[in-house]
J.: 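Quick one: the structure is below, and I'll ask about it shortly.
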2 protein chains.
Amino acid sequence: MQEGTFSSHGHCRGTTARGDVFAADCPTRRLLDRIADKWSTLILLTLHDQPMRFNGLKRRIDGVSQKMLSQTLRSLERDGLVSRSVVATVPVSVTYAITPLGASLVASLRAMIDWAETRMPEVAAAQAAYDTISGRSVPEIA
Amino acid sequence: MQEGTFSSHGHCRGTTARGDVFAADCPTRRLLDRIADKWSTLILLTLHDQPMRFNGLKRRIDGVSQKMLSQTLRSLERDGLVSRSVVATVPVSVTYAITPLGASLVASLRAMIDWAETRMPEVAAAQAAYDTISGRSVPEIA
DNA sequence: CCGAATCCAGCTTGATACTG
DNA sequence: CAGTATCAAGCTGGATTCGG
């Protein structure tokens, strides 16, 4: 990240070719907040395999509420990461698919998930050690 | 993720070599929720460059509150991604550093941030298009 | 000066119920 | 099927305060 410029505050816009997530007021920060999100991640990963309908996604992504699914899908659609197509059948059927832009993000997301799924044992061990050494005083965050 | 098994629900534990983030009750899901987090991401990225003290992090990560910083750091420490070392100087000085485990995650995180910082224009364009077509009915999420 | 803990207002989340 | 509406609960962050 072009080190050297450790701009603690602010600037990000303007002539700069790219944003700076470390600046609170940079649009990039908001974007990061949206893609670095559990539901967004799982939705994009799922749609990368195949287009899917609302309830398909809901079934696939165990534990997501309708509200969060609907809300997150709209956000992803607005950001151009997911497309939404409506077919006026009897009960209207809506299909969601990933866009090329969305697909270009999936690799990183997948890497993150792969990390989580494979490194879990080490994390669990660290947690156990932490909870032991800290001697009970630390409440389970999980 | 051993594809093919589209286990909508549950299983993840047991004999399986790795977790399944799509299962709501899998510890991996909680882990994903913690690493797919704005503050965790920015903290890990920052510490990957160099160890840093609390207020150094606070200054670097524009907009983070003391509370969230302290809370997130404790969570990362518990998960073994960050180490905390105290030096009993006059005003005690506490330094945070990334662990090898944490460092092994940074590449994916950095990729995600790079994506956000470089693809922002396309996302902004998509938002503009969406907001126009949807005809005012959609309130700015940002 | 560094860092943690507390109180409080406000936003986000999720369960439930309801509509086209 | 595909959402929207509503409400209660929890989390977030700012300000303040306390301790070393």
Side-chain angles (χ1 to χ4, degrees), chain A residues 24-25 29-30 32-43 46-47 51-78 82-97 130 134-135 137-142, chain B residues 8 24-25 29-30 32-34 36-43 46-47 51-78 82-97 134 137-142:
Chain A
D25 53 346
R29 172 71 74 84
R30 273 189 293 278
L32 172 66
D33 206 17
R34 259 167 293 157
I35 62 176
D37 171 79
K38 183 176 44 172
W39 301 134
S40 297
T41 302
L42 294 175
I43 289 173
T46 302
L47 292 182
M52 208 173 277
R53 311 249 301 266
F54 188 88
N55 281 299
L57 283 164
K58 186 156 171 10
R59 271 188 296 276
R60 171 66 174 138
I61 302 171
D62 190 32
V64 68
S65 67
Q66 282 180 328
K67 184 182 179 181
M68 287 315 295
L69 183 55
S70 149
Q71 198 169 301
T72 308
L73 279 171
R74 212 175 316 129
S75 173
L76 291 173
E77 186 195 357
R78 191 175 105 100
V82 157
S83 66
R84 178 177 186 272
S85 45
V86 183
V87 179
T89 50
V90 182
V92 90
S93 77
V94 181
T95 300
Y96 294 91
Y130 183 92
S134 299
S137 60
V138 178
E140 307 279 321
I141 292 179
Chain B
S8 309
D25 54 346
R29 171 70 76 84
R30 273 188 295 276
L32 172 65
D33 206 17
R34 258 168 293 156
D37 171 79
K38 181 175 49 174
W39 300 135
S40 298
T41 302
L42 294 175
I43 290 174
T46 302
L47 292 181
M52 205 172 278
R53 310 251 299 267
F54 188 88
N55 281 295
L57 284 164
K58 186 156 170 13
R59 270 187 297 276
R60 172 66 173 140
I61 303 171
D62 190 33
V64 68
S65 68
Q66 282 182 329
K67 188 182 178 180
M68 286 316 293
L69 182 54
S70 147
Q71 199 171 300
T72 308
L73 279 170
R74 212 173 316 130
S75 174
L76 290 173
E77 188 196 355
R78 191 174 105 99
V82 157
S83 67
R84 180 178 185 270
S85 46
V86 183
V87 180
T89 52
V90 182
V92 95
S93 77
V94 182
T95 299
Y96 295 90
S134 298
S137 64
V138 178
E140 308 278 321
I141 293 180

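Chain letters run A, B, ... following the sequence lines, proteins first, then strands; residues in each count from 1. For clarity, every value in this text was computed on a predicted model and none was experimentally measured. These numbers come from the heavy atoms of this one structure, side chains and all, not from hydrogens, waters or symmetry mates.
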J.: Expressed as a whole number of angstroms, how long is the span from B:M68:CE to C:dT12:P?
T.: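 Value for this atom pair: 14 Å.
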J.: Is a donor on one side and an acceptor on the other found under 3.5 Å between the side chain of A:R29 and the backbone of B:D62?
T.: yes
J.: Tell me, for nucleotides 15-20 of chain D in 5' to 3' order, what letter each nucleotide earns: B for a base near a protein heavy atom under 4.0 Å, S for only sugar-phosphate near one, - for neither?
T.: -B----
J.: Output the rounded distance in Å from CZ (B:R60) to C1' (C:dC2).
T.: 21 Å
J.: Does C:dC1 have OP1 or OP2 sitting under 4.0 Å from an N or O in the side chain of B:R53?
T.: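 B:R53 to C:dC1 OP1/OP2: no side-chain N or O under 4.0 Å.
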J.: Atom CG of B:D37 and atom C1' of D:dG13: how far apart are they, to the nearest Å?
T.: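 Checked: the CG to C1' distance equals 14 Å.
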J.: Rounded to the nearest 0.5 Å, how far does CG of A:L73 lie from CG of A:L57?
T.: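 One finds 6.0 Å between CG of A:L57 and CG of A:L73.
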J.: Can you find a side chain N or O atom of A:R34 that sits less than 4.0 Å from OP1 or OP2 on C:dT12?
T.: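 Negative; the distance criterion is not met.
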J.: Is any side-chain N or O of B:N55 closer than 4.0 Å to OP1 or OP2 of C:dG3?
T.: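 Answer yes for this pair, as a side-chain N or O of B:N55 is under 4.0 Å from OP1 or OP2.
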J.: Just how far, in rounded Å, is C1' of D:dG13 from CG of B:L69?
T.: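 Value for this atom pair: 13 Å.
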J.: Expressed in angstrom and rounded to an integer, what is the separation of A:M52 atom CE from D:dA2 atom C1'?
T.: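 Those two atoms, CE and C1', are 16 Å apart.
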J.: Counting only side-chain nitrogens and oxygens, does B:R84 get under 4.0 Å of the OP1 or OP2 atom of C:dC2?
T.: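 Answer no for this pair, as no side-chain N or O of B:R84 is under 4.0 Å from OP1 or OP2.
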J.: If you check the B:Q71 side chain, which of D:dG3, C:dA4, D:dT12 turns out closest?
T.: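 Nearest to the side chain of B:Q71 among the choices is D:dT12.
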J.: Would you compute the distance between atom CG of B:D33 and atom NZ of A:K38 and round it to the nearest 0.5 angstrom?
T.: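 These two atoms lie 3.5 Å from each other.
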J.: Do side-chain atoms of B:T46 reach the backbone of B:L42 as a donor and acceptor pair under 3.5 angstrom?
T.: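 Pair found, side chain donor or acceptor close to backbone of B:L42.
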J.: Can you measure from OG1 (A:T72) to CD1 (A:I43) and round to the nearest 0.5 angstrom?
T.: 5.0 Å
J.: Between C1' on D:dC11 and NZ on B:K38, what's the gap in Å once rounded to a whole number?
T.: 13 Å
J.: Can you find a heavy atom in the side chain of A:R74 that is under 4.5 Å from one in the side chain of A:R78?
T.: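 Side chain of A:R74 against side chain of A:R78, heavy atoms only: no contact under 4.5 Å found.
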J.: Starting from the 5' end of DNA chain D, give me the residue, A:S70 or B:W39, whose nearest nucleotide shows up first.
T.: A:S70
J.: In whole angstroms, how far is the P atom of D:dT12 from the CZ atom of B:R74?
T.: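 After rounding, the reported distance stands at 13 Å.
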J.: Could you grab the distance from atom CG of B:N55 to atom CZ of B:R60, nearest 0.5 Å is fine?
T.: 15.5 Å
J.: Mind calculating the distance between CG (A:D33) and P (C:dC11) to the nearest angstrom?
T.: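 In whole Å, C:dC11 P lies 15 Å from A:D33 CG.
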J.: Under 4.0 Å between any heavy atoms, over every strand shown, what does B:V64 touch: base, sugar-phosphate, or nothing? Just pick one.
T.: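 The answer is nothing, as B:V64 stays clear of every strand by at least 4.0 Å.
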J.: Between A:Y96 and D:dG3, is there a side-chain N or O to OP1/OP2 distance below 4.0 Å?
T.: yes
